[in-house]
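Below is one structure; the comments refer to it alone.
All values reported here derive from a predicted model rather than from experimental measurement.
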Amino acid sequence: MSEYIHKFSWRDVPKPAKTAAVVRYGAIGDQIMMSSILPGLKADGYHVTCYVQDNDGYKAIQYDPHI
């Protein structure tokens, strides 16, 4: 039997000094509007986590380098 080792970011990874969570559950338009604040947050040194709608919402910001 093989043994699995799981990593949990909330437990195993040191938390950055500054964090921000951005929540927008709308589709493409909401994600485009939300993405406009991300460069500013990153410039201020925040680690950004985005909570978005699956499928179309996610695809709109999938390759955004600020997330």
Side-chain angles (χ1 to χ4, degrees):
M1 180 187 284
S2 63
E3 185 176 320
Y4 293 98
I5 298 174
H6 297 282
K7 282 191 128 182
F8 299 99
S9 63
W10 58 270
R11 184 177 68 189
D12 299 329
V13 178
K15 189 173 181 178
K18 295 168 80 174
T19 61
V22 181
V23 180
R24 289 299 290 195
Y25 288 127
I28 297 169
D30 276 4
Q31 304 318 315
I32 292 170
M33 288 186 287
M34 178 271 303
S35 68
S36 68
I37 67 168
L38 300 178
L41 289 170
K42 288 297 264 191
D44 286 343
Y46 283 90
H47 171 82
V48 179
T49 302
C50 292
Y51 297 93
V52 301
Q53 176 195 36
D54 196 9
N55 296 326
D56 291 339
Y58 170 73
K59 289 177 186 176
I61 58 166
Q62 182 174 353
Y63 299 107
D64 192 321
H66 300 101
I67 299 173

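By the 4.5 Å heavy-atom criterion applied to side chains, Leu38 and Pro65 are not counted as neighbours.
One hydrophobic cluster holds both Ile37 and Tyr46 under the rule that ILVMFWY side chains link at heavy-atom gaps under 4.5 Å.
Considering only residues two or more places apart in sequence or on other chains, Lys42 meets the side chain to side chain contact (heavy atoms under 4.5 Å, CB included) condition with Val48, His66.
Distance check, rounded to the nearest 0.5 Å: CG of Asp64 to CD of Gln31 gives 10.5 Å.
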N/O donor to acceptor pairs below 3.5 angstrom from side-chain atoms of residues 16-29, sequence neighbours left out:
unit_1	atom_1	unit_2	atom_2	d
Lys18	NZ	Asp44	O	2.5
Arg24	NH2	Asp30	OD1	3.0
Arg24	NH2	Asp30	OD2	3.4

